[in-house]
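Keep in mind it's a predicted model, so treat the numbers as computed, not measured.
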Amino acid sequence: ILGIEKLDSPFKIIAADINSSESITALDLVELRRLILGVFDEFPNNSSWRFVDRSYVFPDLDNPWGFPESIVIPNMGQEKIVADFYGLKIGDVNASVRSHSLFGAEIRNSSAKLILQTQDQKVMAGSEVKVNFSSTNFDAISGYQFTLGLNGLELSDISSDGIQLSNDNFGIHKGAITTSWNTSQAASIEGNLFTLTFVATQSGKLSEMMKVQSTITHAEAYLNDEVLGVNLEFVDDQSQIIAGDYRLLQNSPNPFNEETIIGFVLPEANTATIKVMDVAGRLIKQIDGDFNKGFNQIRIAQKDLAVDGVLYYQLSSGDFTATKKMILIK
C-alpha cells in the first residue's frame with residue numbers, strides 16, 4: 001500500500017485483496033484488521049480461501065485477477081481425474097499459514113516480550129478510570145496486537161500519545177477489548193504510549209481487573225523479523241513492579257565484582273529457584289525459596305561463587321523457566 005516493499009508473486013497480490021475489489025488499497029487493511037480484532041469472524045466480501053488452477057499462466061503478474069477458479073471435467077466416470085490447484089489463504093501475504101493444521105491458529109510463544117506498564121490504582125464502582133500505558137522496551141517496534149481482558153471495566157474513550165491510535169485500532173467485546181497497531185517504520189518511544197478511559201462497574205484494584213490475554217486476538221509484538229510476547233505490568237507510585245506475568249530481569253550491576261542483584265516478577269506468590277551456572281552448565285549456586293506476587297530480588301555475592309567470567313543465571317517457577325547471562329570480575 002505504501003510502496004515500500006513489493007508483493008513478489010501474483011498469489012500474494014490475490015491474498016492481499018481482502019475485500020475482493022481487484023486492487024490493493026487501505027480498505028483491505030481495514031477489513032483485515034477488523035477480522036484480527038474479532039469485530040467480525042469472516043470476510044464480508046471474500047471467502048477465506050481462493051484457488052488457482054495450477055496449470056494457469058498469469059498474463060500479467062502484477063494484475064492477476066480474472067484467474068480461473070474451477071476446472072470442468074465432462075466425463076468424471078470415464079476419465080482419470082487430473083485436477084490440481086494452488087490454495088491461497090486470504091490475508092496471508094507472508095505464506096505462514098499451515099493449511100493442514102487441525103488446531104486452528106498457530107500459537108507462537110516467545111521468551112522475549114514487549115513490556116507494557118501502568119500504575120496500579122484503587123477503583124470505585126461508578127467512577128471514571130484513566131489508564132496510561134507506557135513501555136520499558138518500546139524500541140524498534142513495528143507493531144503489536146493483543147486481547148485485554150477486563151473485569152468490571154467498560155471502555156469509554158481512547159487517546160493516543162506516543163503512537164497514533166483511533167477507534168479502528170480496537171474491538172469491543174464482552175469482558176474484553178482487542179487492539180492492533182502497526183507502522184511502516186519501526187518506532188522507538190519513551191514515555192506514555194496511549195491512554196484508555198474506562199467506567200468502573202465494580203470496585204477493586206486495577207491489577208485485578210485487567211490482564212493481557214490471547215483469547216480473541218493473539219498477544220504478540222514485532223521487533224524487526226522477531227515475534228515477541230506481550231506482558232502487562234502494574235507499578236506503584238515509586239515505579240516498583242507489584243503485579244505482572246513471569247519475568248526475569250537483567251542483574252544489576254553487570255558486570256560486578258562484589259555483589260549483584262537479580263530481580264524477577266511472579267504473577268502469584270509461589271516457590272521459585274534461582275540457579276547460577278558456568279559456561280559449561282555446571283551448577284555453582286542454587287537458591288530456593290517462597291516469593292511474593294510481583295517484584296522480588298535476591299543478592300548474589302562474589303564470595304559465594306567459585307569462578308569468575310561469564311556466568312548464567314536461571315529462574316524456574318511453576319512451568320516458567322528463563323535464563324540470562326552475567327559477568328563476574330574478580
ILVMFWY network linking M277 to L315, side-chain heavy atoms under 4.5 angstrom:
no
Just by modelled atom types, is the M209 backbone N or O under 3.5 Å from a matching donor or acceptor in the Q202 side chain?
no
State, without any angle test, whether T195 and D161 hold a side-chain donor-acceptor pair at a distance under 3.5 Å.
yes
Inter-residue atom distance E208.CD - N151.CG, 0.5 Å rounding:
9.5 Å
Check the surroundings of atom CD in Q164: do more than 12 heavy atoms from other residues, nucleotides or ligands lie under 6.0 Å from it?
no
Side chains of Q297 and L249: closer than 4.5 Å at any heavy-atom pair?
no
Hey, quick one: are L37 and L196 part of the same hydrophobic cluster, counting side-chain heavy atoms closer than 4.5 Å, chains of contacts allowed?
no
Is there side-chain contact between F234 and K205, with heavy atoms separated by less than 4.5 Å?
no
Out of curiosity, L193 CG to L165 CG, how far, rounded to the nearest 0.5 Å?
8.5 Å
Measure up the W49 and F51 rings against each other and bin them: parallel (under 30°), tilted (30 to 60°), perpendicular (over 60°).
parallel
Step through the shown structure and confirm whether more than 12 heavy atoms of other residues, nucleotides or ligands are within 6.0 Å of CG on D84.
yes
Can a salt bridge be assigned to the pair D168 and R33 using a cut-off of 4.0 Å between side-chain N and carboxylate O?
no
Checking N254 side chain against I327 main chain: does a donor-acceptor pair fall under 3.5 Å?
yes
Determine whether a donor-acceptor pair (N or O, by modelled atom type, separation under 3.5 Å) exists between the side chain of T271 and the backbone of D290.
no
Taken to the nearest 0.5 Å, the spacing of L155 CG from T179 OG1 works out to 10.0 Å
Parallel, tilted or perpendicular: ring planes of Y144 versus F138, cut at 30 and 60 degrees
perpendicular
Could you tell me if the side chain of I141 sits less than 4.5 Å from the side chain of W181, heavy atoms only?
yes
How about Q250: does its CD atom have over 12 heavy atoms from other parts shown lying under 6.0 Å from it?
yes
Counting only heavy atoms not in E259 (residues, nucleotides, ligands), do more than 12 fall under 6.0 Å from its CD?
yes
Y56-F85 aromatic ring centre distance below 6.0 Å:
no
Looking only at the side chains, is there a donor atom on one of D288 and T273 sitting less than 3.5 Å from an acceptor on the other?
yes
Between the side chain of T323 and the main-chain N/O of Q314, is any donor-acceptor distance below 3.5 Å?
no
Side chain to side chain, V52 and I14, heavy atoms closer than 4.5 Å
yes
Compare every heavy atom of V123 with every heavy atom of L153, then report the nearest pair and how far apart it is.
CD2-CG1, 4.5 Å
Is the number of heavy atoms from other residues, nucleotides or ligands under 6.0 Å of K211 NZ greater than 12?
no
Is it true that atom NZ of K89 has more than 12 heavy atoms of other residues, nucleotides or ligands lying nearer than 6.0 Å?
yes
